[in-house]
Amino acid sequence: MQLRRKLVVGNWKMNGSLAQLAELGPIADAAREAGGVDVGICPPFTLIAAAVTRSGGVAIGAQDCHQAASGAHTGCVSAAMLKEAGAKIAIVGHSERRADQGETDALVRAKAEAALAAGLITIVCVGESESQREAGGHVRVVTDMLAGSMPDDWEEGELVVAYEPVWAIGTGKVATPADVIEMHAALRAALVARFGDRGGRIRILYGGSVKADNAAETFRCPEVDGGLVGGASLTAAQFVPIVEAAAGG
Ligand code: PGA
(Lines give C-alpha, C1' and ligand atoms only; values in the text may rest on other atoms or scores of the structure.)
Protein backbone atom coordinates (compact mmCIF):
# COMPACT_ATOMS: atom_id res chain seq x y z
CA MET A 1 0.00 0.00 0.00
CA GLN A 2 1.07 3.56 -0.72
CA LEU A 3 2.46 5.27 2.38
CA ARG A 4 0.65 8.48 1.49
CA ARG A 5 -2.45 8.65 -0.69
CA LYS A 6 -2.20 11.35 -3.34
CA LEU A 7 -4.18 14.56 -2.84
CA VAL A 8 -5.02 17.15 -5.48
CA VAL A 9 -6.67 20.37 -4.37
CA GLY A 10 -7.93 23.17 -6.58
CA ASN A 11 -7.66 26.72 -5.28
CA TRP A 12 -10.09 28.93 -7.14
CA LYS A 13 -8.74 32.09 -5.46
CA MET A 14 -11.10 35.05 -6.07
CA ASN A 15 -12.74 33.37 -9.05
CA GLY A 16 -15.93 31.44 -9.62
CA SER A 17 -19.68 31.82 -9.51
CA LEU A 18 -22.71 29.67 -8.85
CA ALA A 19 -22.74 28.78 -12.54
CA GLN A 20 -19.16 27.59 -12.34
CA LEU A 21 -20.08 24.96 -9.74
CA ALA A 22 -21.25 22.91 -12.73
CA GLU A 23 -17.53 22.03 -13.13
CA LEU A 24 -17.74 19.96 -9.94
CA GLY A 25 -19.82 17.17 -11.47
CA PRO A 26 -17.30 16.04 -14.08
CA ILE A 27 -14.44 16.51 -11.60
CA ALA A 28 -16.19 14.24 -9.10
CA ASP A 29 -16.91 11.64 -11.81
CA ALA A 30 -13.27 11.64 -12.91
CA ALA A 31 -12.01 11.36 -9.33
CA ARG A 32 -14.24 8.37 -8.72
CA GLU A 33 -13.22 6.67 -11.94
CA ALA A 34 -9.52 7.33 -11.43
CA GLY A 35 -9.63 6.02 -7.85
CA GLY A 36 -6.79 6.12 -5.34
CA VAL A 37 -6.64 9.90 -5.15
CA ASP A 38 -8.28 12.43 -2.81
CA VAL A 39 -9.64 15.50 -4.57
CA GLY A 40 -10.68 18.87 -3.18
CA ILE A 41 -11.82 22.23 -4.49
CA CYS A 42 -11.53 25.46 -2.49
CA PRO A 43 -13.85 28.11 -3.94
CA PRO A 44 -14.41 31.55 -2.39
CA PHE A 45 -16.24 31.52 0.98
CA THR A 46 -19.55 32.57 -0.57
CA LEU A 47 -19.70 29.45 -2.74
CA ILE A 48 -18.76 26.85 -0.14
CA ALA A 49 -22.24 25.88 1.05
CA ALA A 50 -23.61 25.65 -2.49
CA ALA A 51 -20.52 23.73 -3.64
CA VAL A 52 -21.06 21.17 -0.88
CA THR A 53 -24.51 20.35 -2.23
CA ARG A 54 -23.05 19.74 -5.70
CA SER A 55 -19.72 18.22 -4.75
CA GLY A 56 -20.42 14.61 -5.73
CA GLY A 57 -17.83 13.47 -3.23
CA VAL A 58 -15.16 16.08 -3.97
CA ALA A 59 -14.03 17.62 -0.66
CA ILE A 60 -14.93 21.30 -0.57
CA GLY A 61 -12.61 23.63 1.30
CA ALA A 62 -11.76 27.22 2.13
CA GLN A 63 -8.77 29.34 1.14
CA ASP A 64 -8.25 30.82 4.60
CA CYS A 65 -9.79 30.97 8.06
CA HIS A 66 -9.48 33.25 11.08
CA GLN A 67 -7.45 32.06 14.05
CA ALA A 68 -10.18 32.86 16.59
CA ALA A 69 -13.35 30.82 17.09
CA SER A 70 -15.60 33.90 17.05
CA GLY A 71 -15.56 37.55 18.00
CA ALA A 72 -15.28 41.12 16.79
CA HIS A 73 -13.35 40.47 13.56
CA THR A 74 -15.29 42.20 10.82
CA GLY A 75 -15.10 40.46 7.49
CA CYS A 76 -13.49 37.27 8.79
CA VAL A 77 -14.68 33.68 8.89
CA SER A 78 -13.81 31.11 11.56
CA ALA A 79 -12.87 27.50 11.05
CA ALA A 80 -15.98 26.32 12.90
CA MET A 81 -18.15 28.38 10.52
CA LEU A 82 -16.45 26.72 7.58
CA LYS A 83 -17.01 23.33 9.09
CA GLU A 84 -20.69 24.11 9.61
CA ALA A 85 -20.95 25.18 5.96
CA GLY A 86 -19.70 21.73 5.01
CA ALA A 87 -16.05 22.48 4.33
CA LYS A 88 -13.57 19.67 4.86
CA ILE A 89 -10.34 21.51 4.01
CA ALA A 90 -8.72 24.83 4.89
CA ILE A 91 -5.71 26.29 3.11
CA VAL A 92 -3.66 28.55 5.40
CA GLY A 93 -0.59 30.69 4.73
CA HIS A 94 -0.97 30.94 0.96
CA SER A 95 1.76 33.23 -0.39
CA GLU A 96 -0.84 35.65 -1.75
CA ARG A 97 -2.21 36.11 1.78
CA ARG A 98 1.28 36.33 3.26
CA ALA A 99 2.03 39.10 0.71
CA ASP A 100 -1.34 40.90 0.45
CA GLN A 101 -2.48 40.59 4.08
CA GLY A 102 0.94 40.52 5.72
CA GLU A 103 0.40 37.11 7.32
CA THR A 104 3.37 35.96 9.38
CA ASP A 105 4.48 32.43 10.22
CA ALA A 106 3.09 32.83 13.75
CA LEU A 107 -0.31 33.88 12.41
CA VAL A 108 -0.33 31.05 9.90
CA ARG A 109 0.43 28.62 12.70
CA ALA A 110 -2.45 30.01 14.78
CA LYS A 111 -4.79 29.66 11.81
CA ALA A 112 -3.61 26.08 11.25
CA GLU A 113 -4.28 25.29 14.91
CA ALA A 114 -7.79 26.73 14.61
CA ALA A 115 -8.51 24.78 11.43
CA LEU A 116 -7.27 21.53 12.96
CA ALA A 117 -9.31 22.13 16.10
CA ALA A 118 -12.41 22.44 13.91
CA GLY A 119 -11.60 19.10 12.28
CA LEU A 120 -10.56 20.47 8.88
CA ILE A 121 -7.81 18.98 6.76
CA THR A 122 -5.31 21.81 6.97
CA ILE A 123 -2.94 22.69 4.16
CA VAL A 124 -0.04 24.87 5.33
CA CYS A 125 1.64 26.67 2.42
CA VAL A 126 5.30 27.61 2.26
CA GLY A 127 7.49 28.86 -0.57
CA GLU A 128 10.31 31.21 -1.48
CA SER A 129 10.34 34.30 -3.66
CA GLU A 130 12.40 34.58 -6.80
CA SER A 131 14.97 36.84 -5.13
CA GLN A 132 15.34 34.43 -2.21
CA ARG A 133 16.00 31.62 -4.67
CA GLU A 134 18.47 33.71 -6.66
CA ALA A 135 20.33 34.52 -3.45
CA GLY A 136 20.70 30.76 -2.93
CA GLY A 137 19.08 30.59 0.48
CA HIS A 138 15.78 29.13 -0.68
CA VAL A 139 15.95 25.81 1.16
CA ARG A 140 16.69 27.51 4.44
CA VAL A 141 14.01 30.14 3.86
CA VAL A 142 11.37 27.50 3.21
CA THR A 143 12.34 25.14 6.03
CA ASP A 144 12.34 28.12 8.42
CA MET A 145 8.83 29.03 7.22
CA LEU A 146 7.76 25.46 7.81
CA ALA A 147 9.22 25.47 11.32
CA GLY A 148 7.35 28.66 12.19
CA SER A 149 4.05 27.80 10.51
CA MET A 150 3.43 24.19 11.52
CA PRO A 151 1.46 23.39 14.65
CA ASP A 152 2.68 20.75 17.11
CA ASP A 153 -0.57 18.86 17.61
CA TRP A 154 -2.47 17.22 14.80
CA GLU A 155 -4.27 14.01 13.98
CA GLU A 156 -2.90 11.61 11.44
CA GLY A 157 -3.97 12.62 7.91
CA GLU A 158 -5.25 16.07 8.87
CA LEU A 159 -2.12 18.12 8.33
CA VAL A 160 -0.75 18.70 4.83
CA VAL A 161 2.13 20.87 3.59
CA ALA A 162 2.12 22.63 0.21
CA TYR A 163 5.40 23.79 -1.28
CA GLU A 164 4.57 26.66 -3.60
CA PRO A 165 7.50 28.65 -4.96
CA VAL A 166 6.13 32.18 -5.33
CA TRP A 167 7.87 32.65 -8.68
CA ALA A 168 6.00 29.66 -10.12
CA ILE A 169 2.49 30.71 -9.04
CA GLY A 170 0.35 31.91 -11.91
CA THR A 171 3.42 32.62 -14.02
CA GLY A 172 3.56 29.51 -16.18
CA LYS A 173 7.08 28.95 -14.84
CA VAL A 174 7.07 25.49 -13.32
CA ALA A 175 9.78 24.41 -10.95
CA THR A 176 11.96 21.78 -12.61
CA PRO A 177 11.92 18.24 -11.23
CA ALA A 178 15.35 18.97 -9.71
CA ASP A 179 13.98 22.05 -7.91
CA VAL A 180 10.99 20.08 -6.66
CA ILE A 181 13.04 17.09 -5.54
CA GLU A 182 15.50 19.29 -3.65
CA MET A 183 12.83 21.16 -1.72
CA HIS A 184 10.53 18.25 -1.03
CA ALA A 185 13.45 16.22 0.32
CA ALA A 186 14.38 19.09 2.63
CA LEU A 187 10.78 19.47 3.81
CA ARG A 188 10.45 15.74 4.43
CA ALA A 189 13.69 15.72 6.42
CA ALA A 190 12.44 18.65 8.51
CA LEU A 191 9.08 16.96 9.16
CA VAL A 192 10.72 13.70 10.21
CA ALA A 193 13.21 15.55 12.42
CA ARG A 194 10.36 17.30 14.20
CA PHE A 195 7.65 14.65 14.27
CA GLY A 196 9.47 11.34 13.83
CA ASP A 197 7.66 8.61 11.87
CA ARG A 198 4.47 10.66 11.87
CA GLY A 199 6.32 13.34 9.90
CA GLY A 200 6.99 10.71 7.26
CA ARG A 201 3.27 10.35 6.72
CA ILE A 202 2.42 14.04 6.22
CA ARG A 203 1.51 14.71 2.61
CA ILE A 204 3.60 17.33 0.82
CA LEU A 205 1.91 18.88 -2.21
CA TYR A 206 3.60 20.86 -4.96
CA GLY A 207 1.92 24.03 -6.23
CA GLY A 208 2.86 26.54 -8.89
CA SER A 209 1.65 26.39 -12.52
CA VAL A 210 0.67 22.73 -12.32
CA LYS A 211 -1.04 21.92 -15.63
CA ALA A 212 -2.11 18.82 -17.52
CA ASP A 213 1.18 18.69 -19.42
CA ASN A 214 3.53 18.86 -16.42
CA ALA A 215 1.49 17.17 -13.68
CA ALA A 216 2.59 13.58 -14.28
CA GLU A 217 6.28 14.47 -14.25
CA THR A 218 5.91 16.59 -11.13
CA PHE A 219 3.84 14.00 -9.26
CA ARG A 220 6.42 11.31 -9.99
CA CYS A 221 9.11 13.20 -8.06
CA PRO A 222 10.00 11.60 -4.74
CA GLU A 223 8.14 13.05 -1.74
CA VAL A 224 5.52 14.72 -3.94
CA ASP A 225 2.11 13.58 -2.71
CA GLY A 226 -0.07 15.57 -5.07
CA GLY A 227 -0.70 19.17 -6.02
CA LEU A 228 -2.27 22.48 -5.09
CA VAL A 229 -3.59 23.85 -8.35
CA GLY A 230 -4.72 27.42 -9.04
CA GLY A 231 -5.52 28.45 -12.62
CA ALA A 232 -5.89 24.94 -13.98
CA SER A 233 -8.50 24.01 -11.36
CA LEU A 234 -11.12 26.42 -12.68
CA THR A 235 -12.48 24.09 -15.33
CA ALA A 236 -13.00 20.34 -15.33
CA ALA A 237 -11.36 20.19 -18.76
CA GLN A 238 -8.06 21.39 -17.30
CA PHE A 239 -8.33 19.86 -13.84
CA VAL A 240 -9.42 16.31 -14.67
CA PRO A 241 -6.16 15.37 -16.45
CA ILE A 242 -4.27 16.57 -13.37
CA VAL A 243 -6.41 14.37 -11.12
CA GLU A 244 -5.77 11.46 -13.48
CA ALA A 245 -2.05 12.13 -13.44
CA ALA A 246 -2.08 11.95 -9.63
CA ALA A 247 -4.03 8.69 -9.71
CA GLY A 248 -1.58 7.16 -12.12
CA GLY A 249 1.58 8.33 -10.39
P1 PGA B 1 -1.29 28.37 -10.07
O2 PGA B 1 -1.58 28.67 -8.52
O3 PGA B 1 -1.55 26.89 -10.28
O4 PGA B 1 -2.26 29.24 -10.82
O5 PGA B 1 0.13 28.71 -10.33
C6 PGA B 1 -1.21 27.77 -7.51
C7 PGA B 1 -1.60 28.30 -6.16
O8 PGA B 1 -1.42 29.50 -5.92
O9 PGA B 1 -2.11 27.56 -5.31
Side-chain angles (χ1 to χ4, degrees), residues 6-16 20 23 27 37-45 47-48 51 58-65 87-103 108 111-112 115 120-130 132-133 138 141-142 145-146 149 159-177 179-180 183-184 187 203-219 221 224-246 249:
K6 289 268 197 300
L7 171 64
V8 178
V9 176
N11 170 12
W12 281 9
K13 309 193 179 186
M14 202 170 71
N15 298 292
Q20 202 166 335
E23 301 296 323
I27 292 171
V37 56
D38 295 330
V39 177
I41 291 284
C42 299
F45 289 138
L47 294 176
I48 289 174
V58 168
I60 302 302
Q63 302 165 18
D64 178 45
C65 68
K88 294 199 167 72
I89 299 173
I91 299 170
V92 295
H94 190 281
S95 60
E96 286 153 15
R97 293 200 60 84
R98 289 177 185 264
D100 298 351
Q101 272 78 33
E103 294 192 1
V108 172
K111 289 182 174 211
L120 298 169
I121 293 172
T122 303
I123 304 176
V124 176
C125 302
V126 293
E128 82 286 1
S129 66
E130 188 149 40
Q132 287 167 326
R133 175 165 282 268
H138 51 285
V141 165
V142 173
M145 281 176 98
L146 184 79
S149 306
L159 188 57
V160 176
V161 173
Y163 167 55
E164 298 206 301
V166 176
W167 47 272
I169 294 179
T171 58
K173 276 196 218 172
V174 201
T176 65
D179 296 335
V180 175
M183 193 63 80
H184 281 241
L187 290 169
R203 292 184 280 196
I204 309 177
L205 312 183
Y206 169 78
S209 298
V210 174
K211 309 279 179 222
D213 61 0
N214 58 38
E217 186 181 35
T218 304
F219 296 160
C221 293
V224 173
D225 304 310
L228 184 54
V229 183
S233 71
L234 291 170
T235 62
Q238 293 179 83
F239 194 55
V240 164
I242 296 171
V243 170
E244 290 169 346

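Every number for a ligand or one of its atoms is a count from 1 in the order of the listing.
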Indicate yes or no for a side-chain donor-acceptor contact from Asn11 to the backbone of Gly230 under 3.5 Å, with no hydrogens or angles considered.
no

If we number the atoms of ligand 1 from 1 as shown, the ones under 4.0 Å from a heavy atom of Gly231 are 1 (P), 3 (O), 4 (O)

With Ile169 via side chain to side chain contact (heavy atoms under 4.5 Å, CB included) - residues at least two apart:
Lys13, His94, Ser95, Glu96, Glu164

Does the residue Ala232 have a heavy-atom contact with ligand 1, meaning some pair of atoms that are separated by less than 4.0 Å?
no

Backbone N/O of Ser209 and side chain of Asn214: donor-acceptor pair under 3.5 Å
yes

For atom 3 (O) of ligand 1, the closest protein heavy atom turns out to be Gly230 N, 2.8 Å

Among all residues two or more places apart in sequence or in another chain, which pass the side chain to side chain donor-acceptor pair (under 3.5 Å) test with Glu217?
none

If we number the atoms of ligand 1 from 1 as shown, the ones under 4.0 Å from a heavy atom of Asn11 are 9 (O)

What protein heavy atom sits nearest atom 2 (O) of ligand 1, and how far away is it?
Lys13 NZ, 3.3 Å

Contact with ligand 1 for Ala168, non-hydrogen, under 4.0 angstrom:
yes

Heavy atom of His94 under 4.0 Å from ligand 1?
yes

Please list, in number order, the atoms of ligand 1 under 4.0 Å from a heavy atom of Ser209.
1 (P), 3 (O), 5 (O)

Does NZ in Lys88 sit with more than 12 non-hydrogen atoms of other residues, nucleotides or ligands closer than 6.0 Å?
no

Any heavy atom of Gly170 closer to ligand 1 than 4.0 angstrom?
yes

So does Val108 get a backbone contact from the side chain of Arg97, meaning a donor-acceptor N/O pair under 3.5 Å?
no

Looking at Glu164, which atoms of ligand 1 are within less than 4.0 Å of one of its heavy atoms?
6 (C), 7 (C), 8 (O), 9 (O)

Geometric class of the His184/Tyr163 ring pair [parallel <30°, tilted 30-60°, perpendicular >60°]:
perpendicular

Please could you name the atoms of ligand 1 that Gly208 approaches to less than 4.0 Å, counting only its heavy atoms?
5 (O)

Heavy-atom contacts under 4.0 Å between Ile169 and ligand 1: side chain, backbone, both, or neither?
both

Does Gln63 use its side chain to pair, donor to acceptor, with the backbone of Cys42 at less than 3.5 Å?
yes

